[in-house]
Number of protein chains: 2
Amino acid sequence: MKLENLNIIIADDHPLFRNALRQALSGSFAQTNWFEADSADALQTLLEQTDAPYDLVLLDLQMPGSHGYSTLIHLRTHFPELPVVVISAHEDAMTISRAVHYGSAGFIPKSSSMETLADALTAVLYGDIWLPANVELQQIDEDATDQMAAKLADLTPQQYKVLQMFAEGLLNKQIAYDLGVSEATIKAHATAIFRKLGVRNRTQAVIALQQLEMDRVEI
Amino acid sequence: MKLENLNIIIADDHPLFRNALRQALSGSFAQTNWFEADSADALQTLLEQTDAPYDLVLLDLQMPGSHGYSTLIHLRTHFPELPVVVISAHEDAMTISRAVHYGSAGFIPKSSSMETLADALTAVLYGDIWLPANVELQQIDEDATDQMAAKLADLTPQQYKVLQMFAEGLLNKQIAYDLGVSEATIKAHATAIFRKLGVRNRTQAVIALQQLEMDRVEI
DNA sequence: TCAACCATCAGACTTAAGTCTAATGGTTGA
DNA sequence: TCAACCATTAGACTTAAGTCTGATGGTTGA
């Protein structure tokens with residue numbers, strides 16, 4: 001692959017940071033088309049709408065609507081060809097290890113220099129996995145969080161979207177209106193979601209999703 | 001107050017850590033009665049059951065069932081005379097500032113030495129506020145989290161307990177059974193909780209509670 | 001003593017949620 | 001082409017959730 005005419009998505013809720021990132025990288029990646037998303041929802045919309053063959057996603061794990069690793073898991077499941085590089089303010093070994101475990105092609109601390117950033121992206125675009133120096137990857141054992149991650153990956157994109165809206169506290173009627181479908185459809189999705197996640201109702205589903213929050217790390 | 005014959009509660013979900021803490025402090029605080037709680041629920045039960053005049057609570061903010069600062073807020077509201085010292089693995093200025101903001105009488109990083117620990121407790125027992133050296137307290141502005149904290153403080157102890165059980169995904173019927181009351185009572189509590197929190201249903205209530213998680217910090 | 005608050009409960013009720021069945025049409029990969 | 005999956009929907013249904021009214025008894029502070 002030649003590193004030009006790239007389509008790169010920056011998914012971060014902070015406009016200033018998105019801008020900074022774009023500025024920092026525009027030197028190294030000329031003629032690149034930059035796309036921006038300020039929420040997990042916007043990111044998903046971007047990926048569904050256009051058929052542009054995106055080359056990379058720069059993903060902040062702490063966006064609104066992004067329940068920790070759930071966005072990463074979802075992306076890797078439904079767009080397996082699309083490399084995802086995680087950008088995060090957290091940079092402990094466990095966070096990085098989980099990100100890699102869930103399919104991230106790289107992990108860039110927000111504290112990185114612009115050169116490091118460009119290096120990392122280049123490496124990933126060439127198919128490598130890029131991690132900060134001196135990180136010792138931890139073994140991610142089959143804990144409850146990991147099991148939930150597997151179940152989450154089992155959801156279809158639409159089901160995932162509905163689950164996210166459950167987690168926003170929306171009623172079936174509101175979700176149906178927002179998605180432009182009937183309430184019966186939402187109920188059908190709900191039943192499917194509950195079955196896949198192994199829960200009985202929406203409150204339990206939301207709790208299960210929240211289990212994937214970044215901070216839910218065992219110490 | 002003379003520092004003897006004290007009743008101190010250690011609330012931490014890690015048995016090893018509770019033991020270590022107890023061992024470390026038994027030298028400095030002889031003839032002290034130690035009580036232990038491994039969850040927010042156990043802590044609340046302890047405080048309600050016995051009428052023992054507890055002198056101090058050592059509280060880990062990351063216990064099961066403890067939604068971040070919510071336990072602290074609840075303790076300070078309903079047991080204003082009881083000093084609470086927060087113990088945490090997090091030790092950034094924002095976390096500490098929030099803890100103080102919500103009424104903590106001290107903040108002890110888990111990395112502290114035993115001497116530091118004893119010093120801190122002594123200071124707090126004498127009515128001082130103890131913080132790690134070189135911490136600059138941040139201004140906690142009236143954000144959504146803070147508003148939710150105020151609403152949470154408005155709940156009665158029983159309502160708070162029911163809300164916690166909502167957050168565990170329990171059904172009304174199960175909660176009623178566990179608390180030994182009728183389902184009608186739970187429904188009455190539910191309605192009161194929703195009204196106080198300004199939400200419409202239990203899922204939204206759980207989401208609101210989760211807003212107080214420790215990690216929900218703006219960066 | 002009395003007002004205020006709290007926890008409790010029942011009963012009747014409305015509404016939201018969730019299940020089940022059955023059906024249609026689109027996409028996709030074998 | 002065909003099976004498999006997905007999204008969609010309607011309709012009938014069950015159940016859980018939530019509201020409202022009205023009531024009792026206990027506690028507590030003024």
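Naming: A, B, ... by sequence-line order, numbering from 1 per chain.
Look at NE2 on H78(A): it is 9 Å from P on dA7(D), rounded to the nearest Å. In this structure, I193(B) atom CD1 and dC6(C) atom P are separated by 13 Å, rounded to whole Å. We find that CD of E183(A) is positioned 9 Å from C1' of dA17(C), with the value rounded to whole Å.
Distances shown here put a side-chain N or O of S182(B) below 4.0 Å from the OP1 or OP2 atom of dA10(C). Between N201(B) and the phosphate of dA17(D), there is no side-chain N or O to OP1/OP2 separation shorter than 4.0 Å. Between T156(A) and dA7(D) there is a side-chain N or O to OP1 or OP2 distance below 4.0 Å.
Under the Watson-Crick or G-U wobble criterion, with both distances below 3.5 Å, dA23(C) is paired with dT8(D). Under the Watson-Crick and G-U wobble criteria, each requiring two contacts below 3.5 Å, nucleotide dG29(D) is paired to dC2(C).
When every heavy atom of L6(A) is checked against every heavy atom of D55(A), the shortest pair comes out as CA-OD2, 3.4 Å. Closest heavy-atom contact between A153(B) and I73(B): CB-CG2, 3.9 Å.
Side-chain atoms of R202(B) lie closest to dG18(D) of the nucleotides dG18(D), dA10(D), dT8(C). Candidate nucleotides dA16(D), dA7(C), dA17(C) were compared by shortest atom distance to the side chain of L171(A), and dA17(C) ranks first. Comparing dA7(D), dC9(C), dA7(C) by their nearest atom to the side chain of V181(B) picks out dC9(C). Taking only side-chain atoms of K173(A), from C-beta outward, the nucleotide of dA7(C), dA16(C), dA7(D) with the closest atom is dA16(C). Here the side chain of N172(B) is nearest to one of dT9(D), dA17(D), dA7(C), namely dA17(D).
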Next item on the list: Could you give me the CA-CA distance, side-chain angles and deciding distance for D146(B) and K151(B), then say whether salt bridge (Lys or Arg N to Asp or Glu O under 4.0 Å) is met?
Entry: CA-CA 9 Å; D146(B) 200 46; K151(B) 290 175 183 172; over 6 Å; no

Anything under 3.5 Å between a donor and an acceptor, one on a side chain of residues 177-184 of chain B, the other on a protein residue two or more places apart or in another chain? List them.
from: S182(B); atom 1: OG; to: A184(B); atom 2: N; distance (Å): 3.2
from: S182(B); atom 1: OG; to: T185(B); atom 2: N; distance (Å): 3.4
from: S182(B); atom 1: OG; to: T185(B); atom 2: OG1; distance (Å): 3.4

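In terms of the ring-ring contact (aromatic ring centres under 6.0 Å, His included) criterion, residue partners of H74(B) (sequence neighbours excluded) are, by chain and number, H78(B), Y160(B).
Remark: the Q159(A) side chain and the K196(A) side chain contain an N/O donor-acceptor pair separated by less than 3.5 Å.
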Item checked: Heavy-atom protein contacts under 4.0 Å, nucleotides 19-27 of chain C, coded B base, S sugar-phosphate only, - none -> BS-------

